[in-house]
Amino acid sequence: MFPIFPSPEWLQTLHDKLNSDERYAQIARKWEGDMVVIIEPSGHLAERLIYYLDLWHGKCRKVEVLKELSGLKPLFILTATYDNISRIMQGGLDPMQAMMTRKLQVKGSMAYMMRNVPTVLDFVRCCRDVTGEIL
Amino acid sequence: MQPILKINLTTGETSEYVVPPEWERDYLGGASLAARLLYPALTRDLDPVSPDAPLLFLTGPLTGTAGPAVGRFVVCGKSPATGLWAESNCGGFWGPELRFCGYDGLWITGKAEEPVYLWLNGGRLEVRDAASVWGEDTYESQSIIKTEIGVPNAHVLTIGPAGENGVLFAGLFCDHGRTAGRTGLGAVAGSKNLKAIAVKGTKKPPLARPEAYMPLRGEANRALKADNIAQVTHDLGTAGVADYADYLGSMPKKYYHQATMENVDRVSGATMAETILKGVSACHACVIACGRVVDLGDGVRRKGPEYETVVGFGPNLLNDDLPAIVRLGEVCDRYGMDIISASNIVGLAFHLYEKGIVTDKDTGFPLRWGDVTGAEKLLHLMARREGIGNFMAGGARRFAARFGAEDEAVQVNGLEAAYHDPRGVSGMALVYATSPRGACHNKSDYFFVDWGQADASLGLQFYEKQAGAEKAANVARHQDWRTACDALVMCLFANISPEMTVGLVNAACGLDWAVDDMLRSGERAWNLKRAINNRMGLTRANDKLPKAFLEPYADGPVAGYVPPLEEMLAAYYSARGWDPVTGRPTREKLRALGLSDAASDIWS
Ligand code: SF4
């Protein structure tokens, strides 16, 4: 059983998964940068959630639940409503489809993103692998 | 809408044509309306480079309104390359400026006795001697004409030497390398002794409900600016997708015969942004600004390459030298040649040379993969129609046929394929096989849908990249939507919601449409273009793919796969309501779309 998504426990489980998954370690071996995921309220989620992940060379160095961004300048900020991100986590919405149909907004270096699409997709695979029940 | 100015270059006569209101409503503008207007003229017997052949420049109801990526126009007629329907749309500032003159289009027939250019200054038209610019390249021509007319901020649409020489993939060019490249309409202009058209106006384009349009326009431009695809396209140009296309196996290499290439990332939009990029350029009022401005170290600001140029002169030739790609692209732009076709034909020459079909005796010099000098020599020869270039100037199909190797040409119905490999994104198999203008990637940019741009509000589903017949109805629906966008004339990169697009159309045209009405309008025009092509000789046998796309790659991300074209086509005809034996739209389908005249013509 995995912790419910979204929750601090889920984030910690993802942290552990990223640090133990060999495929992710291989694909993301050149990735250098942190990321913030903003989950906007919709459906069962009443308040905005902000998750921080520090990703480096195929490992996850740190995760944190933030109250606000307060001057933080991560490499990428991903923003989606709770409903859309839940669909991505459960496999009902392809992450590229979400990005290309205005359901998942990406802010950051597009050059880095386009060069590292395989890493991004494998990151999503890891997220899905640790997502069972949702809110 | 505003009238269309008709000009007969033989007689010098001009007149204003007012579009019937029901056609304005049913076809909106752009390529759809052009198909309706040109339907009677586009017959099988019409020689596309004869004085009788029409050349119709049309804008759309949003052109020049500073809406989201809508500063575009289209030019239509009969293609000298394919003998079929021709359309090619173009950005820059020329389309909006034409509308500012009080006209929504220019409808040109006849042939001038000597080379001329047109100068439309507001409502006043002058036919001017083009002796000073005939033979000049597309950048020089624009600059000389602006000096001659004494209006530096006029906008000039021009052909280059390729159009004058009847190269069958010559286009029309304006501003900083904005092109109506495909289907050879530059050669049609050249055949009329028409070098260029300069426009300058001051009128505001009409809007049915300006009070509704203006706030929507702001909202749409803000949404577009925040969109992910727009961000990629702004930051990296259209070549920003090169890395992803390579990853998926949809970027062809070595003239569509190799799936992978070492150092392919050296020629991506990301690499360009990190090395030679110095600025961006935009069409009229576009918030995306996908155009690239680069510096190769000589202090000259040049147009940077878009995706098709990057692949066409890069991986297509096994070349990973980005500055060389910039230079080859500029050679094409200056001569006024379509880059997709020109690079495809150069790739074909390399391919035939490797196979020993074309030899040193034919070329006068060796052709080796990755050799950009050889590629450049070929471009000069084809633009000037010299030596082997004279055969290449007729397009890939004719060039390969000249050497008894028509099967080797990667083209459909005479139009060279773009650089989106259907073995990587199978939807492109149907797109290339059924597009009204040949192997074109713009009448449906379905590779985007296969990558993920499957908009639920258009009724699109997201299928596996290599799904087969099950995606046929999806492809048809996407073609209908893009046909409606081509009527507006809206850029394919305007990734706003369909509902927002329809809202803008309603406010601009005084309509009360939903997304389905727009799709219906697109379907009507798609079927009309099909009927035009059927009348001009297109049959079921023309819905095909070149041999290369039906041979699997031995390695790479899509090794072993070929699209199941016949199954896909059967499902497509059924989804379209077309006769599976002849591939023609059925009489019932045409009548239901209000195309009874076409029904009688193609079924009589
Ligand atoms: S996205 Fe590019 S091609 Fe399209 S309208 Fe904007 S600047 Fe022009």
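In the text below, chain A, chain B and the rest are named by the order of the sequence lines, each starting its count at 1.
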Q: Hey, can you tell me if A:Phe76 and A:Tyr112 have their rings parallel, tilted or perpendicular (30° and 60° cut-offs)?
A: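 Tilted, since the angle between the ring planes falls between 30° and 60°.
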Q: Tell me, side chain or backbone of A:Leu93 under 4.5 Å from chain B's heavy atoms, or both, or neither?
A: neither
Q: For B:Arg482 and B:Asn442, does a side-chain donor sit closer than 3.5 Å to a side-chain acceptor?
A: no
Q: Report which part of B:Asp227 has an atom under 4.5 Å of a heavy atom belonging to chain A: side chain, backbone, both, or neither.
A: side chain
Q: So which part of B:Ala454 gets closer than 4.5 Å to some heavy atom of chain A, the side chain, the backbone, both or neither?
A: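 Both parts, backbone and side chain.
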Q: Just by distance, do the side chain of A:Lys17 and the backbone of A:Cys126 share a donor-acceptor pair under 3.5 Å?
A: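 Answer holds: no.
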Q: Counting only heavy atoms closer than 4.5 Å, note whether B:Ala226 contacts chain A via side chain, backbone, both or neither.
A: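 Both parts, heavy atoms under 4.5 Å.
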Q: Spell out, as yes or no, whether a donor-acceptor pair under 3.5 Å connects the side chain of B:Asn228 to the backbone of A:Met99.
A: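 Side chain of B:Asn228 to backbone of A:Met99: a pair is present.
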Q: What residue, out of A:Val106, A:Val117, A:Asn116, has the most heavy-atom pairs lying under 4.5 Å from chain B?
A: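 Among the listed options, the one with the most contacts to chain B is A:Val106.
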Q: At a heavy-atom separation under 4.5 Å, does B:Asp455 approach chain A through its side chain, its backbone, both, or neither?
A: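 For B:Asp455, heavy atoms of backbone and side chain both lie under 4.5 Å from chain A.
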Q: Answer yes or no: are there more than 12 heavy-atom neighbours, outside B:Lys278 itself, under 6.0 Å from its atom NZ?
A: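 Result for NZ/B:Lys278: enclosed.
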Q: Fit a plane to each ring of A:Tyr24 and A:Phe123, take the angle between them on a 0 to 90° scale, and name the class: parallel (under 30°), tilted (30 to 60°) or perpendicular (over 60°).
A: tilted
Q: So which of A:Met113, A:Met114, A:Met100 has the biggest tally of heavy-atom pairs under 4.5 Å with chain B?
A: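 Between A:Met113, A:Met114, A:Met100, the count favours A:Met100.
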Q: Which of the residues A:Arg102, A:Lys107, A:Met110 is involved in the greatest number of heavy-atom pairs with chain B at under 4.5 angstrom?
A: A:Arg102
